[in-house]
Amino acid sequence: MTTYRTHHCNQLSAKHVGETVTLSGWVHSRRDHGGVVFIDLRDREGLTQVVFNPEISEEAAARAHHLKSEYVIRVSGYVKQRLEGTTNLRLATGEIEISAQEVTILNASETPPFPIDEQIANEDLRMQFRYLDLRRRDMLDNLKMRHRIVKTVRDYMDSQGFLEIETPILSKSTPEGARDFLVPSRLAAGKFYALPQAPQQYKQLLMVSGVERYFQIAKCFRDEDLRADRQPEFTQVDVEASFVNQDEIIAWMEGLLFDIFKAAKGISIPLPFPRLTYADAMNRYGSDKPDTRFGMELTDLGESFKSSEFKVFKSAIESGGVLKAINAKQFACITTGQIEELTQMAKQYGAKGLAFIKVENGEWKSPIVKFFSEAEKKALVEKLKIEEGDLILFGADKWEIVCEVLGRIRLRVAEIQKLANDPDKLNFLWVVDFPLLAYSPEESKWNAVHHPFTRPKTEDLPLLEKGEYGTVRAIAYDVVLNGVEIGGGSIRIHESDLQAKMFSVLGVTQEQQQTLFGHILKAFRFGAPPHGGIALGLDRLVMLICKATSIRDVMAFPKNNRGQDLLTSSPSEVELRQLRELHIQVKS
RNA sequence: GGAGCCAUAGCUCAAUUGGUUAGAGCACUGCCCUGUCACGGCAGGGGUUGCGGGUUCGAGUCCCGUUGGCUCCGCCA
């Protein structure tokens with residue numbers, strides 16, 4: 001209770017009838033009957049109808065005629081059971097109303113540029129008036145949900161013995177990974193801080209410090225192009241622990257996600273989550289973050305077609321590639337335009353084309369089926385479980401290309417067929433055994449798939465020694481929900497010699513190692529414990545829980561897809577004096 | 001860097017094969033109205049059709065360019 005209110009606008013019900021109350025909030029709508037006036041009063045928690053009757057208070061009723069949308073008011077009156085037949089079942093407080101005895105206009109409002117009580121499409125305008133956009137119930141609910149989730153994270157991590165520790169925002173640039181945001185130093189001319197892409201090195205140093213269990217709700221920054229699920233600044237639930245292995249990290253995160261979904265939605269998600277190796281995920285779903293809400297798995301057909309008459313398939317297999325197919329059940333009705341779209345997509349991801357079979361009226365309609373033997377057709381029916389109405393799509397090429405192409409097509413077909421639109425289905429899984437390194441043809445070098453501190457699997461260390469970099473697996477794991485990567489982590493390298501070996505494989509010279517990573521290499525020489533960790537993408541997780549389609553809808557003040565904040569007009573130019581102090585000269 | 005979709009009143013949208021004065025609902029302004037909750041009634045104001053150019057007797061509509069928004073690819077250890 002404050003001088004402004006005794007209750008919030010969601011709290012009053014029939015059991016308060018007769019009580020004198022005070023509410024404060026915004027005028028959501030006014031229904032003026034000339035005599036009696038109704039106001040829906042809105043605050044953070046809900047709506048309550050206020051009725052102004054001149055027979056109760058002439059002064060309040062007179063004032064009510066002048067109330068307009070979004071005026072801020074304080075109302076005092078008594079809680080009254082609504083007249084028979086006038087209850088509003090759609091309103092939590094619909095049984096009662098406040099009969100106003102006194103009203104104060106705390107502040108007037110200009111006419112808002114868009115209605116607060118309905119969905120609005122114009123995101124540009126929403127961002128310019130974000131403070132009004134956030135008055136909308138959906139947005140407030142998202143912010144509340146985010147708070148509830150963050151609170152749960154803190155409680156859970158604390159219960160497991162993790163310390164919340166802040167790490168610097170002004171930190172050091174490293175060339176690995178995403179593009180850094182740079183902050184020029186005034187005190188050290190020509191030098192720059194970088195905003196952290198993640199608190200990766202600091203949290204490993206905290207392990208060397210003996211903190212043993214650390215977590216942080218950490219702001220991270222990456223200067224890359226934006227997407228619906230990517231902002232230049234975003235939040236990670238960052239976790240690191242010493243004397244632990246992969247299974248223990250996974251168990252903690254499953255426990256955390258269990259508590260989050262319990263607190264956020266009141267549901268108990270089933271534990272443990274299924275685990276897939278990276279190889280299996282690619283082979284079966286063509287993705288390292290598979291959406292398992294629907295089947296349509298990739299099926300390998302190499303064995304059945306290795307001596308096929310159809311040269312495209314045969315030669316792909318003979319040259320070390322693979323032949324795979326997906327069965328899009330009941331999609332033989334695909335239009336020519338859609339086939340064309342899928343073919344374009346296949347080509348975009350490196351395939352030469354997209355072979356298909358439509359099974360219609362007991363007939364296989366396809367330009368390639370005439371090349372197939374009876375045995376091959378029989379194998380197709382058995383392996384792909386072909387039935388009337390199905391559409392079979394093939395990929396024959398190098399393994400990576402086939403997996404990627406069919407994986408993308410699988411998702412697009414599912415989108416067209418609306419296979420994954422059950423909003424209540426929650427398919428969690430872990431993808432484990434990621435490759436440690438990937439070769440970049442553009443740079444002609446090996447790069448870390450996860451990051452350069454990721455530990456190779458012990459049994460694969462000989463492969464690393466032998467230089468078979470592409471086959472070395474990492475102790476790295478991603479957690480995936482409905483085809484969205486919501487987190488990833490690894491067990492780290494804690495020995496300075498193994499770390500130095502990794503850097504040399506990555507093409508980081510001795511000299512670069514010292515200038516860029518000398519601090520962490522040195523720290524590892526002072527008794528670094530075995531350690532590992534993970535980071536969850538908080539924004540994406542909240543987005544999925546809120547059923548939002550963009551992380552912008554779960555951030556209070558996001559940037560648009562050009563990285564601009566339309567509310568404050570940032571980024572902006574600065575005064576010449578500021579640039580001079582920073583030893584910066586801008587090219588015109 | 002590339003591709004796609006979009007842009008008409010404050011908001012959400014219409015406007016036939018290119019056709020005469022660009023409409024509707026909501027919002028807004030004024031008046032009326034004592035039980036509404038999408039209150040109702042009467043009247044009214046509000047438009048450089050994102051911007052620039054072109055084709056045409058005539059362009060919201062067709063063409064070219066450009067700007068902005070969104071989505072995707074590249075990029076994001």
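Just so it is clear, the values below take in all heavy atoms, side chains as well, and ignore hydrogens, waters and symmetry mates. Convention: sequence-line order gives letters A, B, ...; per-chain numbering from 1.
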Expressed as a whole number of angstroms, how long is the span from Leu91(A):CG to C39(B):P? 13 Å
Can you find a donor-acceptor pair, distance only, under 3.5 Å between Glu97(A) side chain and G35(B) base? yes
Carefully, step by step, assess Ile551(A) and Arg540(A) under the rule side chain to side chain contact (heavy atoms under 4.5 Å, CB included). CA-CA 6 Å; Ile551(A) 61 171; Arg540(A) 284 184 192 176; 4.1 Å; yes
With sequence neighbours left out, the residues meeting side-chain contact (heavy atoms from CB on, under 4.5 Å) with Ala346(A) are Ala351(A), Leu354(A), Val405(A), Ile409(A)
According to the Watson-Crick and G-U wobble definitions, with both distances under 3.5 Å, which nucleotide is paired to G19(B)? C57(B)
For the pair made of CG in Asp117(A) and C1' in U12(B), what is the distance, rounded to whole Å? 13 Å
Would you measure the distance from the C1' atom in G53(B) across to the matching atom in G44(B) and give it in whole Å? 38 Å
Give me, pair by pair, the N or O atoms of the protein and of nucleotides 28-32 of chain B that are less than 3.5 Å apart, along with how far apart they are.
{"from": "U29(B)", "atom 1": "OP1", "to": "Lys68(A)", "atom 2": "NZ", "distance (Å)": "3.1"}

Atom CD of Glu341(A) and atom C1' of C5(B): how far apart are they, to the nearest Å? 13 Å
Select one nucleotide: of C76(B), U12(B), G35(B), the one nearest the side-chain heavy atoms of Val51(A). G35(B)
Say we look at C62(B) and A7(B): how far apart would their P atoms be, to the nearest angstrom? 11 Å
Nearest whole angstrom, please: distance from the C1' of U34(B) to the NE2 of His33(A). 8 Å
Grab the N/O contacts between the protein and nucleotides 8-10 of chain B below 3.5 Å, and write none if there aren't any.
{"from": "G10(B)", "atom 1": "O2'", "to": "Pro113(A)", "atom 2": "O", "distance (Å)": "2.4"}

Counterpart residues, ring-ring contact (aromatic ring centres under 6.0 Å, His included), relative to His66(A) (two or more places apart): none
Asp180(A): which residues meet the salt bridge (charged side-chain N to carboxylate O under 4.0 Å, His left out) condition with it, sequence neighbours left out? none
When the distance from CD of Gln119(A) to C1' of C13(B) is rounded to whole Å, what number comes out? 16 Å
Check the pair Arg42(A) / Arg137(A) against side chain to side chain contact (heavy atoms under 4.5 Å, CB included), numbers first and verdict last. CA-CA 10 Å; Arg42(A) 185 192 73 239; Arg137(A) 186 61 52 198; 3.4 Å; yes
P spacing across the pair C11(B) / A27(B), given as an integer number of angstrom: 15 Å
Do the charged groups of Asp478(A) and Lys289(A) touch, with an N to O distance under 4.0 Å? no
I want to verify a distance call: between U12(B), G35(B), C76(B), whose nearest atom is closest to the Gln49(A) side chain? G35(B)
Could you tell me whether Phe52(A) and His65(A) have their ring centroids closer than 6.0 angstrom? no
According to the Watson-Crick and G-U wobble definitions, with both distances under 3.5 Å, which nucleotide is paired to G40(B)? C32(B)
Should Arg31(A) be listed as having a side-chain N or O under 4.0 Å from OP1 or OP2 of C39(B)? yes
Among all residues two or more places apart in sequence or in another chain, which pass the side-chain contact (heavy atoms from CB on, under 4.5 Å) test with Lys347(A)? Thr343(A)
Would you measure the distance from the P atom in A59(B) across to the matching atom in C33(B) and give it in whole Å? 50 Å
Could you tell me which residues satisfy side-chain contact (heavy atoms from CB on, under 4.5 Å) with Ser24(A), sequence neighbours excluded, listed by chain and number? Tyr4(A), Arg5(A), Arg74(A), Leu106(A)
Enumerate donor-acceptor pairs with a distance under 3.5 Å from any side-chain N or O in residues 515-522 of chain A to protein atoms, sequence neighbours excluded.
{"from": "Thr515(A)", "atom 1": "OG1", "to": "Glu511(A)", "atom 2": "O", "distance (Å)": "3.3"}
{"from": "Thr515(A)", "atom 1": "OG1", "to": "Gln512(A)", "atom 2": "O", "distance (Å)": "3.2"}
{"from": "His519(A)", "atom 1": "NE2", "to": "Gln201(A)", "atom 2": "OE1", "distance (Å)": "2.5"}

Under the ring-ring contact (aromatic ring centres under 6.0 Å, His included) test, residues paired with Tyr193(A) that sit two or more places apart: none
Return the pairing partner of G74(B) with a 3.5 Å limit on both distances, Watson-Crick or G-U wobble; otherwise return none. none
Distance below 4.0 Å between Gln564(A) side-chain N/O and G69(B) OP1 or OP2: yes
Side-chain donor/acceptor of Arg82(A) to base of C37(B), under 3.5 Å: yes
Using the test side-chain contact (heavy atoms from CB on, under 4.5 Å), find all partners of Glu495(A) that sit at least two apart in sequence or belong to another chain. Arg455(A), Ile493(A), Asp497(A), Leu498(A)
May I have the distance from Glu118(A) (atom CD) to C13(B) (atom P), rounded to whole angstrom? 11 Å
Under 4.0 Å between a side-chain nitrogen and a carboxylate oxygen: does that hold for Asp40(A) and Arg31(A)? yes
Can you tell me, in whole Å, how much space there is between the C1' of G18(B) and that of G54(B)? 15 Å
For Glu485(A), which residues count as a salt bridge (charged side-chain N to carboxylate O under 4.0 Å, His left out) partner, sequence neighbours excluded? none
In whole Å, measure the gap between the C1' atoms of G58(B) and U20(B) for me. 9 Å
For G25(B), what is the paired nucleotide under Watson-Crick or G-U wobble rules, both distances under 3.5 Å? C11(B)
Mind checking the C1' distance from U67(B) to U49(B)? Whole angstroms is fine. 16 Å
Tell me the interatomic distance from Asn122(A), atom CG, to G50(B), atom P, rounded to whole angstroms. 14 Å
List, with names and distances, any nitrogen or oxygen atoms from the protein found under 3.5 Å away from nitrogen or oxygen atoms belonging to nucleotides 70-73 of chain B.
{"from": "C70(B)", "atom 1": "OP1", "to": "Asn561(A)", "atom 2": "N", "distance (Å)": "3.4"}
{"from": "C70(B)", "atom 1": "OP2", "to": "Asn561(A)", "atom 2": "N", "distance (Å)": "3.2"}
{"from": "C70(B)", "atom 1": "OP2", "to": "Asn561(A)", "atom 2": "OD1", "distance (Å)": "2.4"}
{"from": "C70(B)", "atom 1": "OP2", "to": "Asn561(A)", "atom 2": "ND2", "distance (Å)": "3.2"}
{"from": "C70(B)", "atom 1": "O3'", "to": "Arg552(A)", "atom 2": "NH2", "distance (Å)": "3.1"}
{"from": "U71(B)", "atom 1": "OP1", "to": "Arg552(A)", "atom 2": "NH1", "distance (Å)": "3.2"}
{"from": "U71(B)", "atom 1": "OP1", "to": "Arg552(A)", "atom 2": "NH2", "distance (Å)": "2.7"}
{"from": "U71(B)", "atom 1": "OP2", "to": "Arg552(A)", "atom 2": "NH1", "distance (Å)": "3.4"}
{"from": "C72(B)", "atom 1": "OP2", "to": "Ala228(A)", "atom 2": "N", "distance (Å)": "3.3"}
{"from": "C73(B)", "atom 1": "OP1", "to": "Arg408(A)", "atom 2": "NH1", "distance (Å)": "3.4"}
{"from": "C73(B)", "atom 1": "OP2", "to": "Arg227(A)", "atom 2": "NE", "distance (Å)": "3.0"}
{"from": "C73(B)", "atom 1": "O2'", "to": "Gln348(A)", "atom 2": "NE2", "distance (Å)": "3.3"}

Of the listed nucleotides U12(B), G68(B), U34(B), the one nearest the side chain of Ile120(A): U12(B)
Could you work out the separation of G68(B) and C26(B) based on their P atoms and round it to a whole Å? 36 Å
Over all strands shown, is Ala121(A) touching base, sugar-phosphate only, or nothing at heavy-atom distances under 4.0 angstrom? sugar-phosphate
Take atom NE2 of His65(A) and atom P of U36(B), then tell me their distance rounded to the nearest Å. 17 Å
Any strand, both distances under 3.5 Å, Watson-Crick or G-U wobble: C5(B) pairs with G69(B)
Base, sugar-phosphate, or nothing for Val37(A), non-hydrogen atoms under 4.0 angstrom? nothing
